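Report on one structure; see the data block that follows.
As the structure is a prediction and not an experimental result, all values here were calculated from the model. Every number for a ligand or one of its atoms is a count from 1 in the order of the listing.
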Amino acid sequence: MASLHLPCSTHSTSCSHINRRRVFPMPSHFTTRTHRLQVSCSAAANGGQNQNVDGKVDRRKLLLGFGGLYGAANLVPTPSASASPIQPPELDKCGLSSAGADTTAITIPCCPPTSLPKDYQIPPDLKLKMRPSAHRVSPEYISKYNLAIERMKALPADDPRSFTQQANIHCAYCNTAYFQAGQDSIKLQVHNSWLFFPFHRWYLYFYERILGKLIDDPTFALPFWNWDNPKGMSMPPMFVDPKSAIYDSKRNQDHTKPGAVVDLGMTGNTDPLQLVANNLTIMQTEMIRGNSEAIDFMGKPYQQGTQPDPGPGSSERGSHTAVHVWVGDPRETLGEDMGNFYSAGRDPLFYCHHANVDRMWTLWQYFLPSAKVPDKKITDPDFLDAAFVFYDENAQLVRVTVKDSLDNLKLGFEYERIDLPWLDYRPPPQTAKARIARLASTAPKAETLFPLKLDKVVRFEVSKTKKGKADELLVLENITVDTSKFLKFDVFVNDEDDNPGELDKAAYAGTYAQVPHKTDSTSATSSIRLKLTDLYEDMDIADDDSIVVTLVPRHKGPGVTIGGIKIIENPPKSAT
Ligand code: C2O
């Protein structure tokens, strides 16, 4: 049984600077992270939310909904003059959201209530709580969780903490309801960019606090769906009881059956052992093997004034997208609820899924071998000073920043320790060298095929940067997608067989995928980079002059065009 309390007391304190070790027990091959928790005294003073440092009220910020006085923590460093971090939307300008395209196009009213935000202060008496694995919780926990969701569903419809309004937040932030603040033509979208992890961390933080308040239990912690471990690769049993408050009838009925294994590769394979092997390969690749720099994992930069969907990170487009699509209901036109961003927040399982997504972020930040991605910190003020607004447990609209989301301990939660079987999982090589030499002699050169409409499996040869170069990245440029559809393709290198149901091989280099959502133009263009260094080593092909790449689409029909493909040296010299 999972305990909701920590065995030792690790209270955070206000107005003092303390050092403490992470309470997450760590395998010996991880270095211990010394954690410095800083709580600012001046930031905790709650009055004068909209005052400048000199005490004057800044009406412009108030009106713009920026929340006024930057918390003390925000006074230094001052964002550079050219910085343009994404700012919270102006809630009173929220419009109808939309989803689908052509014959399936719908508009959805999902604007949360409007009000004036205050800068959020992390409560000084925050106690560290442990989010439990959804497959290991006790009956008492399940009852408490259901009671909290029942009470949330019973709140008046216009209460911003109600079940519907909480789901609306997700819909509004991701399906064309909001404009970027101060813009009248550019829509705000928190997905497919570096805002993905911070936005959802704050979203769950407040959701959890609202639930805790409704059952008068400040220690209440959301469960996480441990889909990265074979023991958690099925729908958590508590969610499939049709009588419970956390049930949702709009789920894929084939996947609610006991024993149905999550398909992180979206291959359609139903062999449980194959699925587990695929899943571990995918987790290892999206968490470690395929990433060179922080943005490869986190997602591409996204600023005020730039178009939405600059590009998702490896985790967002991989396991995150797969679980949305796996849970969503194929009987519904747009894959509702989980299979489409506009409706995903209506399924209680969404928050359990996203707790594990958030857990992946903490693992990536603090527990993975740092040599693989030497610098995991994004220091760009356009990232750190980006901000959102949410309703807190007292129905107060509050403004929060990305920089205050970076440390889960500072926000008072940690995850139950579960083994990470993907951590050292290296998929087996299958390629016989002679066979690949033959493949390369028949595969066309990449230059002859691009731009490429990807609607079937294609194979082509790509030259390496130079002979014998062992440290490289594969770049797929100008990937233009129809955002209203589920789309996915996998990338393989020197893959000798074409069994599309098997991803558990060293030849697997990575994935592009998206959850259907809406953008104004219904299309988005981005690029992805896949690190090849470990793959070369696993397949013993570092000395070759070229590689043979296979692209395998997992969706049906058109929707993806790829502008070009190339290999560059790792680490990349410029942002590519
Ligand atoms: Cu905001 Cu998984 O979606």
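- Atom 1 (Cu) of ligand 1 lies closest to atom NE2 when only the N/O/S atoms of His170 are considered.
- Below the 2.8 Å limit, atom 2 (Cu) of ligand 1 has as protein N, O or S neighbours His320 NE2, His324 NE2, His354 NE2.
- Of the candidates Phe197, Tyr391, Tyr351, Tyr351 is the only one forming a ring pair (Phe, Tyr, Trp, His ring centres under 6.0 Å) with Tyr203.
- Leu147 is linked by a side-chain contact (heavy atoms from CB on, under 4.5 Å) to Glu150, Arg151, Ile215, counting only residues two or more places apart in sequence or in another chain.
- Residues satisfying the side-chain contact (heavy atoms from CB on, under 4.5 Å) criterion with Ala177, sequence neighbours excluded, are Cys94, Ser97, Ala172.
- The distance from atom CG of Leu188 to atom CD of Gln183, rounded to the nearest 0.5 Å, is 10.5 Å.
- Using the six-membered ring where Trp is involved, Phe224 and Tyr415 have ring planes that are perpendicular, over 60° apart on the 30 and 60° scheme.
- The side-chain hydrogen bond (donor to acceptor under 3.5 Å, both in side chains) search around Asp309 returns Asn192, His517, not counting sequence neighbours.
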